[in-house]
S.K.: 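Structure in structure tokens, see below.
Chain A is the first sequence line, chain B the second, and so forth, proteins listed ahead of strands; every chain is numbered from 1.
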Protein chains: 2
Amino acid sequence: MNEMEARPNRHFIAEQAKIFKALGHPSRLLMVQALRDGEKCVCDLQALIGADMSTVSRHLAVLREAGVVRSEKRGTNIYYALALSCLATFLQCTGTLIAERIRQKSALLGNDQDAT
Amino acid sequence: MNEMEARPNRHFIAEQAKIFKALGHPSRLLMVQALRDGEKCVCDLQALIGADMSTVSRHLAVLREAGVVRSEKRGTNIYYALALSCLATFLQCTGTLIAERIRQKSALLGNDQDAT
DNA sequence: TTCATATTTGGCAAAATAGCCAAACGATAT
DNA sequence: ATATCGTTTGGCTATTTTGCCAAATATGAA
């Protein structure tokens with residue numbers, strides 16, 4: 001059994017790519033980053049993103065269908081929460097790496113901060 | 001210093017999203033998976049993907065510009081290698097998760113394997 | 001019931017992406 | 001010099017994604 005981790009089949013790879021694709025949009029990634037602090041309702045996330053509510057809802061649908069977040073209706077609102085525990089570690093890692101890259105690039109350009 | 005990990009700025013988030021976006025395509029993800037075993041030339045990767053050489057080259061450019069892989073010309077060929085060490089762990093984690101999901105879904109449908 | 005509030009969905013236009021062919025490029029060999 | 005090999009780039013079309021508005025839906029309040 002589970003040959004799929006050694007030599008991933010088409011369905012498996014597609015499913016995994018879907019996760020990455022879902023995270024590969026600034027607005028969606030920002031929402032996911034925010035969800036590390038705990039669940040939020042769509043309205044919270046809209047405030048964070050600043051786009052139309054319908055746009056935010058569509059982004060959330062992408063994340064949900066990829067299995068990155070899960071949603072739960074409670075009271076008047078729908079709350080979204082992270083459903084991919086290992087993501088936090090990876091975000092941390094890429095974050096550090098990118099910070100490093102940005103720092104190097106700034107150094108090359110002669111500025112002392114790029115954190116604008 | 002490094003406020004960006006707590007409250008990521010636009011540039012930072014865009015850069016991070018670029019990594020995910022790069023990984024968010026089946027062909028690119030497949031190549032990255034293959035690169036876990038060590039560097040490969042474009043021709044190897046083309047054989048893996050089966051698309052036009054130009055297509056493979058463009059996919060590799062996306063990965064390279066996102067900083068997921070790095071390339072090095074050696075002899076006649078150009079070799080691509082992983083440049084994002086922490087990726088392997090995350091792939092492992094999502095892989096396990098997806099395998100789990102696929103298994104559950106298959107169970108629901110009554111089939112005993114979906115690993116086709 | 002009607003009204004308001006929170007979220008999703010339909011539909012469309014603009015923008016981005018994917019993939020192929022052909023052409024260009026750079027290095028090595030002849 | 002020409003030829004060849006491995007790779008990238010130009011240019012094009014087809015497909016997908018994005019984001020807004022408006023409309024639908026669901027749920028709680030009055």
S.K.: Within this structure, what is the CG-to-P distance between A:N77 and D:dA29, rounded to whole angstrom?
M.R.: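 My rounded result for the distance is 12 Å.
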S.K.: Would you please test A:L87 and A:L23 for side-chain contact (heavy atoms from CB on, under 4.5 Å) and show each step?
M.R.: CA-CA 10 Å; A:L87 181 56; A:L23 293 164; 3.9 Å; yes
S.K.: Classify the side-chain pair B:Q33/B:R36 by whether it contains a donor and acceptor separated by less than 3.5 Å.
M.R.: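 B:R36 and B:Q33 do have a side-chain donor-acceptor pair below 3.5 Å.
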S.K.: A:D52 has an atom CG; how far is it from atom C1' of D:dG19, in whole Å?
M.R.: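 My rounded result for the distance is 8 Å.
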S.K.: A:I78 has a side chain; which of C:dT7, C:dC20, C:dT9 sits nearest to it?
M.R.: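 Nucleotide nearest to A:I78's side chain: C:dT7.
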S.K.: Are B:H59 and D:dT8 close enough that a side-chain N or O sits under 4.0 Å from OP1 or OP2?
M.R.: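 No, outside the criterion.
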S.K.: Whole Å only: how far is the NZ atom of A:K21 from the P atom of C:dT17?
M.R.: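 Atom-to-atom, A:K21 to C:dT17, this comes out as 11 Å.
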S.K.: Figure out the CG/C1' separation between A:L60 and C:dT9, and round it to whole Å.
M.R.: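 Taking atom C1' of C:dT9 as the reference, CG of A:L60 is at 14 Å.
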S.K.: Output the rounded distance in Å from CD (B:E72) to P (C:dA27).
M.R.: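 In whole Å, C:dA27 P lies 15 Å from B:E72 CD.
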S.K.: Output the rounded distance in Å from NE2 (B:H25) to C1' (D:dT16).
M.R.: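 Rounded to the whole Å, the gap is 11 Å.
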S.K.: Using OP1 and OP2 only, check whether a side-chain N or O of A:Y80 sits under 4.0 Å from C:dT8.
M.R.: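 The answer is yes; a side-chain N or O of A:Y80 sits under 4.0 Å from OP1 or OP2.
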S.K.: If the threshold is 4.0 Å, N to carboxylate O, is there a salt bridge linking A:E39 and A:R70?
M.R.: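 No.
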S.K.: Quick one: which of D:dG6, D:dG19, C:dG10 gets closest to the side chain of A:R58?
M.R.: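 Looking only at heavy atoms from C-beta outward on A:R58, the closest nucleotide is C:dG10.
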S.K.: Classify B:T76 by what it touches in the nucleic acid, base, sugar-phosphate, or nothing, heavy-atom distance under 4.0 Å.
M.R.: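 Sugar-phosphate contact only.
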S.K.: Under 4.5 Å between any side-chain heavy atoms of B:R28 and A:F20, yes or no?
M.R.: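 Counting from C-beta outward, B:R28 and A:F20 never come under 4.5 Å.
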S.K.: Answer yes or no: does a side-chain N or O of A:K73 lie under 4.0 Å from OP1 or OP2 of C:dA6?
M.R.: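 Answer no for this pair, as no side-chain N or O of A:K73 is under 4.0 Å from OP1 or OP2.
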S.K.: Among C:dT7, D:dT7, D:dT8, find the nucleotide with the atom closest to the side chain of B:S57.
M.R.: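 Nearest to the side chain of B:S57 among the choices is D:dT8.
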S.K.: In this structure, how many angstroms lie between the P atom of C:dT7 and the CD1 atom of A:I49, rounded?
M.R.: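 Checked: the CD1 to P distance equals 14 Å.
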S.K.: With heavy-atom distances below 4.5 Å as the criterion, would you say the side chains of A:I98 and B:I19 are in contact?
M.R.: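 Sidechains of B:I19 and A:I98: in contact.
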S.K.: Taking atom P of D:dT27 as reference, at what distance in whole Å does atom CZ of A:R74 sit?
M.R.: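 In whole Å, D:dT27 P lies 16 Å from A:R74 CZ.
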S.K.: Does a distance-only test, which skips hydrogens and angles, find a donor-acceptor pair under 3.5 Å between the side chain of B:R28 and the base of C:dG19?
M.R.: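 No, the side chain and the base share no sub-3.5 Å donor-acceptor pair.
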S.K.: Return the 5'-most residue of the pair A:G24, B:M53 with respect to DNA chain D, ranking by each residue's nearest nucleotide.
M.R.: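 Upstream on the strand: B:M53.
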S.K.: Please tell me which of the listed nucleotides, D:dG19, D:dT9, C:dT8, lies nearest to the side chain of A:T55?
M.R.: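 Nearest nucleotide to the side chain: D:dG19.
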S.K.: The side chain of A:S54 lies closest to which of these nucleotides: C:dT7, D:dA22, D:dT7?
M.R.: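 Given the options C:dT7, D:dA22, D:dT7, the side chain of A:S54 is closest to D:dA22.
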